[in-house]
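Okay, structure first, notes after.
Remember, it's 1-based here, ligands and their atoms both numbered in the order they're listed. Keep in mind that what you see is a predicted model, and the values were worked out from it rather than measured.
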Amino acid sequence: MEIIIQANAAVANGVAARLFAKAIRRNAGAVLGLATGGTPLALYRELIAMKLDWRKIVTFNLDEYVGLAPDHSQSYHYFMWENLFRHVNIAKKNVHIPDGLAKDIPKFCAKYEKQIHAAGGIDLQLLGIGTDGHIGFNEPTSSLASRTRIKTLTPQTRKDNARFFGSEAEVPHHCITMGIGTIMEARHCVMLAFGKNKARAIAETVEGPVTSMNPASALQLHPRVTVFLDEDSASELKLSDYYRWVYDNKPDWQKF
Ligand code: F6R
């Protein structure tokens with residue numbers, strides 16, 4: 001894992017945006033895995049401002065709430081169109097987001113996996129992280145080999161996400177999420193985590209044992225992961241000086 005600690009989230013988002021822009025410019029038909037939530041908002045704003053060419057870009061979102069229609073203001077469909085897609089020249093047919101209203105959820109999930117495969121797999125997967133270490137909505141004890149499927153959100157995640165809804169009671173109980181096994185097949189995973197409330201999950205992800213108790217720790221087994229942090233989210237890392245030293249001494253050809 002490459003750990004990049006920046007002074008604050010704004011600086012980290014700037015570097016992460018350059019990484020994404022480079023991938024899009026290098027491969028006009030890149031397949032991107034995308035995330036929702038509070039964390040990627042600033043990155044999406046940066047990417048919009050860069051006026052990149054999204055015509056042939058293909059996207060797959062990590063997850064969606066079960067029971068929310070695409071036009072529900074808290075659905076991840078709505079989030080993605082509102083915060084990214086409607087501001088860029090992406091083709092609607094290239095956008096894939098799990099269908100929260102799917103009648104036959106297992107069938108839909110199998111189809112989603114097939115669509116990722118048919119697109120050639122995910123080149124660059126954006127990830128946030130939950131305070132409990134979830135990626136996508138793979139909550140603690142999720143199988144580290146899991147594929148796209150229905151999951152039940154933990155009370156903690158429903159509490160964390162209540163800020164986007166009117167109240168906790170309105171947060172759905174279920175979601176469709178790519179599995180850890182699905183995420184692990186992306187060629188490059190980029191995680192963003194900012195703020196003190198992510199510090200423990202990040203320390204466990206990067207320096208703890210690989211365990212389904214912190215699903216993100218599976219990324220230790222992935223050959224190419226880049227983690228962007230601010231000082232707060234990095235505050236519980238034991239080897240933070242080492243990560244800073246590595247980044248400061250990156251060879252030119254590896255810079256973003
Ligand atoms: C959302 C997703 C989740 C979030 C995580 C952090 O698509 O996959 O894993 O990344 O819940 O959410 P925020 O960014 O709101 O702290």
Side-chain angles (χ1 to χ4, degrees), residues 9-10 12-13 16 32-45 59-66 68 70 72-85 95-100 109 112 116 122 124-142 144 146-165 168 171-184 186 189-202 204-205 212 214-219 225-230 232-233:
N13 278 312
L32 305 181
L34 297 176
T36 58
T39 308
L41 282 172
L43 171 71
Y44 291 157
R45 279 196 296 270
T59 65
F60 286 91
N61 262 77
L62 282 165
D63 40 22
E64 177 59 289
Y65 291 112
V66 168
L68 296 196
H72 186 288
S73 66
Q74 292 311 324
S75 77
Y76 286 165
H77 275 80
Y78 188 87
F79 175 102
M80 289 308 300
W81 283 98
E82 216 34 43
N83 294 299
L84 178 63
F85 297 146
V95 170
H96 304 85
I97 305 174
D99 179 2
C109 294
Y112 202 67
I116 295 173
I122 292 172
L124 189 54
Q125 175 67 57
L126 178 63
L127 298 168
I129 184 169
T131 55
D132 59 4
H134 70 233
I135 49 176
F137 272 137
N138 295 282
E139 299 285 27
T141 72
S142 286
L144 300 186
S146 51
R147 312 301 306 189
T148 304
R149 69 211 182 293
I150 188 169
K151 283 292 287 179
T152 308
L153 301 176
T154 60
Q156 181 61 51
T157 298
R158 292 187 65 249
K159 203 171 280 168
D160 287 346
N161 288 2
R163 70 191 194 279
F164 299 117
F165 291 78
E168 201 178 314
V171 184
H173 288 77
H174 295 95
C175 62
I176 293 173
T177 180
M178 279 187 205
I180 302 285
T182 321
I183 294 169
M184 291 291 281
C189 292
V190 172
M191 174 177 280
L192 306 181
F194 307 120
K196 260 259 178 305
N197 65 333
K198 301 290 172 76
R200 190 185 48 83
I202 284 295
E204 286 173 358
T205 298
S212 63
N214 176 322
S217 65
L219 294 169
V225 178
T226 309
V227 182
F228 287 94
L229 305 174
D230 62 2
D232 284 339
S233 58

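At a 4.0 Å heavy-atom cut-off, ligand 1 touches Ile129 through the backbone alone. By the criterion of a heavy-atom distance under 4.0 Å, both the backbone and the side chain of Thr39 are placed next to ligand 1. The residue Met80 has no part lying near ligand 1, judged by heavy-atom distances below 4.0 Å.
Among the atoms of Asp63, some N or O lies under 3.5 angstrom from an N or O of ligand 1. Among the atoms of Ala35, none of the N or O lies under 3.5 angstrom from an N or O of ligand 1.
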inquiry  = What verdict does the side-chain contact (heavy atoms from CB on, under 4.5 Å) test give for Thr182 and Tyr112, after you've listed the backbone C-alpha separation in whole Å, the side-chain angles of each residue and the deciding distance to 0.1 Å?
reply    = CA-CA 10 Å; Thr182 321; Tyr112 202 67; over 6 Å; no
request  = Any chance you could lay out the side-chain contact (heavy atoms from CB on, under 4.5 Å) test for Thr36 and Met80, step after step, and finish with the verdict?
outcome  = CA-CA 7 Å; Thr36 58; Met80 289 308 300; 3.7 Å; yes
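Below 30°, between 30° and 60°, or above 60°: for Phe137 and Tyr76 the angle between ring planes is below 30°, a parallel geometry.
Residue Met178 places every heavy atom at 4.0 Å or more from ligand 1.
A donor-acceptor pair shorter than 3.5 Å can be found between the side chains of Asp230 and Ser233.
Summary of contacts: the protein heavy atom closest to atom 16 (O) of ligand 1 is Lys198 NZ, 2.7 Å. From the protein, the heavy atom lying nearest to atom 3 (C) of ligand 1 is Gly136 O, 3.4 Å. In this structure, the protein non-hydrogen atom closest to atom 1 (C) of ligand 1 is Thr36 OG1, 3.2 Å. Among protein heavy atoms, the minimum distance from atom 10 (O) of ligand 1 is reached at Gly128 CA, 3.3 Å. Here the protein heavy atom with the shortest distance to atom 5 (C) of ligand 1 is His134 NE2, 3.4 Å.
Annotation for Glu168 and Arg158: closest pair O-NH2, 3.0 Å, computed over non-hydrogen atoms.
Ring-centre distance between Tyr65 and Phe165: below the 6.0 Å cut-off.
Close approach of ligand 1 to Leu62 (heavy-atom distance below 4.0 Å) involves ligand atoms 8 (O).
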